[in-house]
Amino acid sequence: MSWRRALKDTARSGIAVEKKRLEPLIAVRGAAGLAIVIALSLWLFGPAAAASSAFGAFQAAIATFQRSWRPRPELAIASGTSLAVSTFLGYLTISKEPLFLALLVVWTFAAGMSWAAGPTIGLIASSNVAIMLVTVTLPTSVAQAAGHAAMMIVGGLVQAALIVLFPVRRWGAHRDALADALAAEADYARRLRHDPVASFDPQPLMEARNAAAVTPRQARRRPAELHGARGIAERIRPVLASLADPAMGVPAEGHARDRVRELLASAAALLDAAAHAIRHGEPVAAPPAALATFRTPDTGSILTGAPYRAMTRLNTLLQDVVETAGGTPQEDTPREGAPSGARGTAHSAENDGRSTPRPAPTDPGARGTAHSAENDGPSTPGRAPTHLGARGTARPAPTTRTRPTFLALIPKALKAMRGELHRGSPITRHATRVSAVAATGYILGTWLPLGHGYWAPLTSVMVMRPDFSQTYSRAVARLAGTVIGVAVATGVVQAATPGTLQSGTLAVASAALMYLLMRTGQFATQACIAAYVVFLLGMGGEEWTQTVPERVLLTLMGGLLAMLAYAVYPAWETPRLRTRLADWLAAQGSYVAAVFGSYADPSVRDAPDVRGALLTARTARAAWHAAVARATAEPVRHRGLSRTAADDAEDALAQLGRVAMLLEAHLPERGATPVPPAARFAEALRESTHKGAKAIRERRVPTWDAVREALDAWETEDTDKVVRNTATLVLDTLTELSEALDTAVPPMTLDGTAPEKPDGPRDPKDSATR
C-alpha cells in the first residue's frame, strides 16, 4: 500500500463515527461522580484544586469504560491513584526543567512499555502521563500538590463508590459476551441449513472464554447462568457441523436432509432464546415447536449412524444450555447419550473457514471433511471430572477460570514488560518512540512563545499507539476533534461569559457527552474532551484567548510529531508476517499431533495435552489475524510474503485445523482399540511442523518427507480407516501450504511458455524464494 492511500484510509477511519449501542445510565453515573468531586473541591479548596480533582474523576470514569473483565471499581481507584502519584512526582520536579524532562522521559517510557500488559493498562498509563502535563501546572506549593493529589484519589474513590452503589448491568459485559457466542452459533445453525460446510467466526467464542475468567471476588458473586454455559456452547458448534455435513451420511437432498434442516432451525431458535435470556437476565422462553422437533418419533428411522448420534448429542446439549441459562424445557425427554466408542461431543478449532472444503475421505465414516471449528473448548471430556446433569446425563463439571486480582496483576504486568524489553520488540520501539516525542514536544512547546507548551507532548502521548494505523487515525481525529470542540466551547464562552460555577457545569456536561459517545469513535470523543478542557480551565480563571490559539497550534504540532516519529522509527508488522505464520504452523502442528497421539493408546492416562495444544494454536491464530489486519494498513511492501501467498497459506493452515476437528471431537475412550501407527505419525507431524516453521522464518519452503514416510508405513498395517484417511488429508493440507509459499517463478521453456507446476512443492534448494 502506498503512503498516500495509507494516509487516506487512516484519516477516514479517524474521523468516522460508528453506530454503537449507547449507555446513557453509565454516562450519567460518570458525569455525576465528576460533578460531586468538582462541587466538593470548589467548596473546600477553590477552583485550582477543583480542576485537579476533576481530572482525577474524569480519568477514573474513562478507565471504567475500557474493555476489561475486571471489576470496574478497581479500575477507577487504580486510575485515580496512579494519576495522583504522577502529578505529585511531576510537581516536585517541575521547578527544575532538566529533572522534570528526565522524569517525563522515564515515565513516558514506562507508560509505553505498559502496553505489553494489555491495552487497558497501556491506555490508563498513557492517559496519566498526558494529564500529568496539565495538572502539574495547577498547584503553587508542595502542600497544595499533595492536596491536589489527594483529591485525585478522592475522585477515583467517588467513581468507584458510585459503581458499587448504583450498578448498571453489573455483569452486563460478561452477559453480552456469552450471549453473543450463543447468538453466533444460532446464526451458524441457520447458515448450515443452506450451506452444510459454512464457515464460522470464532471471535465470539474467544470473547466468551476471556469473559469466563473471573477474580475470586467475582466468582463468589457471578450469576448462575454465567457459570457452565460457555463450556456447553463450545461443544455445540462442532455437533452442528457434524449433523449438517453430507460426509457424515445425510445426502445433500432428500427426506433426511429436510429433517436435518428442521433440526438446525430448531437448534437456532433454542440458542437464540438462551442468548436473549442470558443477555437480559430473564428465564428462557424455549419455543415449544423447537423442542417438539427433537421429540419427533420418526427421526430415528430417518437418521441413522453418525447423523443420529449427532442429533441426540445436540438434543442433550441444547437442553443443558437452556437449563443453565435459567429455564427448563417444557417437557422432560429422555436424553440419548453418544455411543460408548465416541468420546463426548465435538469441541475443536475454528480456523476461520475461508478455504474450499475438501472431499470426504474414501471411508464413508471418516471425519476428514472441512469444518469450521473454534480452537477452544475443553478437550477429552471423557477424562474430565464429571457431574450429573438435570436428567442424569454425565457431563464435564463446570470449572472456574481464575483471573488474578488487581494487586496480583502487578508482578504479571512487570514480567510481561520485561519480556518485551528487547530491540526487536514493537512494544519497546513504541516506548522509545513515544518518550522521545514527548521530550521533543515539551522542549519545543516551552521554547515557542505560545504559552501552555505542554499541549504538544500531551497530544503526542494521547495519540501514539504501538501500531501504525491507530497512531495516524488518532492523530487525525485528535486534530479534527480539537478544532471542532474548541470552536464550539469558545462560541459558548463568548456568548454566555460563564462564571466559575457555570464553567464547571459546562465541563460536566461535556464530560457526560463524551462518556455517552465514547464508543462511537475518536472524532466525537476528542471534540468533547477539547470542550471539557476549555471549560475546566475557564473555571480556574483562564480566559479562552489564553488557551484556544495555542491549543490548536500545539495540538497540530504534537500530532505531526507523533506521525513523523512513526515514519522515522517504525515498528512495521508486515516484515514479521512470516514469523507469525511460522508460530501458527508450529502451534497447529502440535495440536493436530496431540489429537493423533490420543488414538495411539487410549488407555494411557497421561495422554497428550490436547486442550493445552488447542489453546496455544488458537492464540497463535489470533496473533496471525491481528498481524495481517495491521499489515494491511501499512504503507510498506510485503518484504517476503505477498498478500496472495499469505491468503493461501492461511487457507491451508485453516484447513489443517478443520481436518483434525472432528477427529478430535470423537476421541476414543480408554477401552477403545489402540492405533499404534498414529503415534509414529503424530511424532513425525510434530517434528516436521516445527522444522517447517523454522523454514518459513528463514524464507524457505517447508518439506514433509517424514510425514509422508510415516503415512506410507501406515498403509501396510490394518488400522482404523477413519484415522488413516484423516492423516492423508493432513498431508494434503501441508502440501498445499508448501505450494502457497513456493512463489518462485518457473523457468521458461524453449517455446516461451512456463512448464506445468509439479504435483508437490519444489525443493527449496532449487527455488529462489523471497
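Below, all heavy atoms of this structure are taken into account, side chains as well, without hydrogens, waters or symmetry copies. None of the values given here were measured: they were computed from a predicted structure.
- M514 and C528 get closest at one heavy-atom pair: CB-CB, 3.4 Å.
- Scanning for ring-ring contact (aromatic ring centres under 6.0 Å, His included) contacts around H148 gives an empty result, with sequence neighbours left out.
- Not a single donor-acceptor pair under 3.5 Å links the side chain of S127 to the backbone N or O of I124.
- When side chains are defined from C-beta on, F58 counts as touching I529, because their heavy atoms get closer than 4.5 Å.
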- Task: Please lay out, stage by stage, how T520 and L22 fare under the test side chain to side chain contact (heavy atoms under 4.5 Å, CB included).
- Result: CA-CA 9 Å; T520 63; L22 303 181; 4.0 Å; yes

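- With sequence neighbours excluded, the residues satisfying ring-ring contact (aromatic ring centres under 6.0 Å, His included) with F65 are Y515.
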- Item | Working for side chain to side chain contact (heavy atoms under 4.5 Å, CB included), residues R279 and D180 | CA-CA 9 Å; R279 193 183 304 276; D180 289 345; 2.9 Å; yes

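- Remark: R478 pairs with Q526 by the side chain to side chain donor-acceptor pair (under 3.5 Å) rule, at least two apart or across chains.
- Among L444, T440, T446, the one residue that satisfies the side chain to side chain contact (heavy atoms under 4.5 Å, CB included) test with Y442 is T446.
- A 4.5 Å side-chain heavy-atom check between E225 and R175 finds at least one atom pair inside the cut-off.
- Counting heavy atoms of neighbouring residues, nucleotides and ligands inside a 6.0 Å radius, atom CZ of R169 exceeds 12 of them.
- Side-chain atoms of Y566 come within 3.5 Å of backbone N or O of P466 as a donor-acceptor pair.
- Counting only N and O atoms by type, the side chains of S435 and T108 include no donor and acceptor under 3.5 Å apart.
- Looking at F523 and V476, their side chains never come closer than 4.5 Å, going by heavy atoms from C-beta outward.
- Using a 4.5 Å heavy-atom cutoff, the side chains of L448 and M557 are in contact.
- For E420 (side chain) and M113 (main-chain N/O), no donor-acceptor pair under 3.5 Å exists by modelled atom type.
- In this structure the side chain of V492 reaches within 4.5 angstrom of the side chain of F535, judged on heavy atoms.
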- Message: Using side chain to side chain contact (heavy atoms under 4.5 Å, CB included), reason through F166 and L25 one step at a time and then give a plain yes or no.
- Response: CA-CA 10 Å; F166 302 101; L25 293 179; over 6 Å; no

- Task: Apply the test side chain to side chain contact (heavy atoms under 4.5 Å, CB included) to residues Q470 and V463: give CA-CA distance (whole Å), side-chain angles for both, the deciding distance (0.1 Å), then the verdict.
- Result: CA-CA 8 Å; Q470 284 197 53; V463 304; over 6 Å; no

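- Judged as a side-chain contact (heavy atoms from CB on, under 4.5 Å), and not counting sequence neighbours, the contacts of L414 are I410, M417, R418.
- In this structure a side-chain-to-backbone donor-acceptor pair under 3.5 Å is missing from S86 to M132.
- Nearest heavy-atom pair across Y532 and A511 is CD1-CB, 4.0 Å.
- Of all heavy-atom pairs between P47 and T500, the closest is CG-CG2, 4.4 Å.
- A pairwise comparison of heavy atoms in L536 and A51 identifies CD2-O, 3.8 Å as the closest pair.
- Looking at R465, its side chain does come within 3.5 Å of a backbone N or O of M462 through a donor-acceptor pair.
- When atom types are taken as modelled, the side chain of Q502 and the backbone of G499 share a donor-acceptor pair closer than 3.5 angstrom.
- Between L554 and G445 the shortest heavy-atom distance is CD2-CA, 4.3 Å.
- In this structure a side-chain-to-backbone donor-acceptor pair under 3.5 Å is present from Q218 to T215.
- Here F109 pairs with nothing under the ring-ring contact (aromatic ring centres under 6.0 Å, His included) rule; sequence neighbours left out.
- Heavy-atom minimum distance, R230 versus A212: NE-CB, 3.3 Å.
- With no hydrogens or angles considered, a side-chain donor-acceptor pair links N128 and S82 at under 3.5 Å.
- In this view, W107 satisfies the ring-ring contact (aromatic ring centres under 6.0 Å, His included) rule with no residue, not counting sequence neighbours.
- More than 12 heavy atoms of other residues, nucleotides or ligands lie within 6.0 Å of OH in Y569, so this atom counts as buried by the packing criterion.
- Side-chain atoms of S79 do not come within 3.5 Å of backbone N or O of A76 as any donor-acceptor pair.
- Inspection of the T87 and T135 side chains reveals an N or O donor paired with an N or O acceptor under 3.5 Å.
- Under the 6.0 Å distance and 45° angle rule, R630 does not count as a cation-pi partner of F468.
- Proximity of S53 to V154: side-chain heavy atoms (C-beta onward) are nowhere separated by under 4.5 Å.
- Rounded to the nearest 0.5 angstrom, T555 OG1 and L479 CG are separated by 7.5 Å.
- Under the 3.5 Å distance criterion, the side-chain polar atoms of S460 are matched with a main-chain donor or acceptor of A456.
- Side-chain atoms of T93 come within 3.5 Å of backbone N or O of G90 as a donor-acceptor pair.
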